[in-house]
There are 2 protein chains.
Amino acid sequence: MLELDLRSRKPIYEQLVDKIKELIIIEVMKPDEQLPSVRSMAQELAINPNTIQKAYRELENQGYIYSVKGKGSFVSPATPQPDIEKLIQVKKELAKYLSEAMFLGMPSEEIINLIKEIEDSMGGGS
Amino acid sequence: MLELDLRSRKPIYEQLVDKIKELIIIEVMKPDEQLPSVRSMAQELAINPNTIQKAYRELENQGYIYSVKGKGSFVSPATPQPDIEKLIQVKKELAKYLSEAMFLGMPSEEIINLIKEIEDSMGGGS
DNA sequence: TCAACTGTACTACGTATCATAGTACACTAC
DNA sequence: GTAGTGTACTATGATACGTAGTACAGTTGA
């Protein structure tokens, strides 16, 4: 289900956060759907449960999931609150990667197509 | 000239790479223009020369600058070779931040405007 | 020639982060 | 109660980051 790069410079828990976040954004995981338990996912991915929990905690802090002690962790029913600081930071990163991609030769048409694809996968995700 | 966030989670040398890369991309720094020496920039920014050198080495590896022993470091005269692997990686990051920005409520029109701004600052950079 | 500047390459050290391992506790469902 | 959840600790080893110091090679200009 999830592919991780254990040799990457990027921490495992951050990779997890990114992947799960993506699954939620493109609505592969629906609101209130239960995520695998900390322990089962740890076993499946052959990594430590603490690492999974760190990822889940981060996702909860960002509003993408919620956890209930004794029950499990679930996808948040609604869009996370528009965290303004978070959005500002994301915009900065976005601008950075836009500049670099265009500098490396990615045509703006391709980027706009990418935006449209994302728009479609978010809105009518069937 | 350059503003760094020493308390950031992001390594200083990476911040340096990003900032200088941006100056080159938007052509504030012209081809063959000399960069401050490792030692002078270290003094100016009050950080260790080794950190500057690490940033310069990374910029050289990516093709943005070149260094000549005894003379100094200079902006590369031409666009770095279209590093395909690099571009693929940048595209992935770009897609990630595009998704997240739109998920957090950034309208696609705003993103397209951002693209145009970047396009302008690259082409006719006066 | 020589001094002063440049880039470059090391070693060593302290610190922080990451990931693991292990243990423990609280809560829920059956 | 038992088995499953989330959660919170401590401890340990590995790695990356930044600093400090030293050294060497090449360029420049007096």
Side-chain angles (χ1 to χ4, degrees), chain A residues 1-21 24 29 31-77, chain B residues 1-20 24 29 31-77 89:
Chain A
M1 179 182 183
L2 293 178
E3 294 174 11
L4 296 179
D5 182 3
L6 300 185
R7 293 172 192 168
S8 167
R9 234 180 40 112
K10 172 170 271 181
I12 295 176
Y13 84 93
E14 279 194 18
Q15 294 182 48
L16 272 173
V17 168
D18 286 344
K19 299 267 187 186
I20 296 173
K21 198 185 288 184
I24 295 175
M29 300 209 69
D32 291 316
E33 183 176 341
Q34 183 167 11
L35 283 81
S37 77
V38 168
R39 292 173 178 81
S40 67
M41 180 171 278
Q43 190 173 15
E44 186 178 344
L45 298 178
I47 57 182
N48 194 279
N50 291 333
T51 306
I52 309 287
Q53 200 218 334
K54 190 168 185 179
Y56 279 14
R57 193 193 310 145
E58 178 65 21
L59 284 166
E60 186 165 20
N61 286 339
Q62 294 187 25
Y64 285 89
I65 70 174
Y66 64 94
S67 298
V68 183
K69 202 185 285 185
K71 296 189 70 175
S73 298
F74 309 85
V75 177
S76 286
Chain B
M1 180 183 183
L2 292 179
E3 295 173 13
L4 296 179
D5 182 3
L6 300 184
R7 294 171 190 168
S8 167
R9 231 180 43 111
K10 172 169 269 181
I12 295 177
Y13 83 92
E14 279 193 18
Q15 294 182 49
L16 271 173
V17 168
D18 286 344
K19 300 266 186 186
I20 296 173
I24 295 175
M29 302 209 68
D32 291 316
E33 182 177 342
Q34 184 167 12
L35 283 80
S37 78
V38 168
R39 291 174 178 81
S40 66
M41 180 170 278
Q43 190 173 15
E44 186 177 345
L45 298 178
I47 57 183
N48 194 280
N50 291 333
T51 306
I52 310 288
Q53 200 219 334
K54 191 170 184 177
Y56 279 14
R57 194 192 310 144
E58 177 66 20
L59 284 165
E60 186 165 21
N61 286 339
Q62 293 186 25
Y64 286 87
I65 71 174
Y66 63 94
S67 298
V68 183
K69 200 183 288 187
K71 296 189 72 174
S73 299
F74 308 85
V75 176
S76 285
Q89 188 190 350

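In what follows, chains are A, B, ... by sequence order, proteins preceding strands, each numbered from 1.
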Counting only heavy atoms not in B:Gln43, do more than 12 sit closer than 6.0 Å to its CD atom? no
Measure [atom1]/[X] against [atom2]/[N] and give the value in whole Å, please.
X       : N      : atom1 : atom2 : result
A:Asn48 : D:dA11 : CG    : C1'   : 13 Å
B:Tyr66 : D:dT27 : OH    : C1'   : 14 Å
A:Arg7  : D:dA14 : CZ    : P     : 18 Å
A:Phe74 : D:dT5  : CZ    : P     : 11 Å
B:Ile12 : D:dA16 : CD1   : C1'   : 13 Å

Could you verify whether a donor N or O on one side chain and an acceptor N or O on the other, from B:Tyr66 and B:Asp32, lie under 3.5 Å apart? yes
Between A:Gln62 and A:Lys21, does any side-chain donor sit less than 3.5 Å from a side-chain acceptor? yes
Short side-chain N/O contact from A:Ser67 to OP1 or OP2 of D:dT7, under 4.0 Å: yes
Let me confirm one number: the CZ-CE distance from A:Phe74 to A:Met29, rounded to the nearest 0.5 Å. 10.5 Å
Show the nearest heavy-atom pair for residues A:Pro36 and A:Met41, with the distance to one decimal. CG-CE, 3.6 Å
A:Asp5 vs A:Lys10, salt bridge (charged side-chain N to carboxylate O under 4.0 Å, His left out): CA-CA, chis, key distance, verdict: CA-CA 8 Å; A:Asp5 182 3; A:Lys10 172 170 271 181; over 6 Å; no
Contact class for [X] vs. all strands (heavy atom < 4.0 Å): base, sugar-phosphate, or nothing?
X       : value
A:Gln15 : nothing
A:Gln34 : nothing
A:Arg9  : sugar-phosphate

Which nucleotide span of DNA chain C, 5' end to 3' end, has atoms closer than 4.0 Å to non-hydrogen atoms of chain A? C:dC18 to C:dA29
Nearest nucleotide by nearest heavy atom, which residue falls closer to the 5' end of DNA chain C, A:Gly70 or A:Leu6? A:Leu6
Residues from residues 50-59 of chain A sitting under 4.0 Å of DNA chain D, heavy atoms only? A:Asn50, A:Gln53
In A:Ile12, A:Leu16, A:Leu6, the residue satisfying side-chain contact (heavy atoms from CB on, under 4.5 Å) with A:Leu45 is A:Leu16
Positive for side-chain contact (heavy atoms from CB on, under 4.5 Å) with B:Tyr13, one of B:Asn48, B:Asn50, B:Thr51, B:Ile47: B:Thr51
Do A:Arg9 and B:Glu14 pass the salt bridge (charged side-chain N to carboxylate O under 4.0 Å, His left out) test, and can you show the C-alpha distance, the side-chain angles, and the key distance before you say yes or no? CA-CA 13 Å; A:Arg9 234 180 40 112; B:Glu14 279 193 18; 2.8 Å; yes
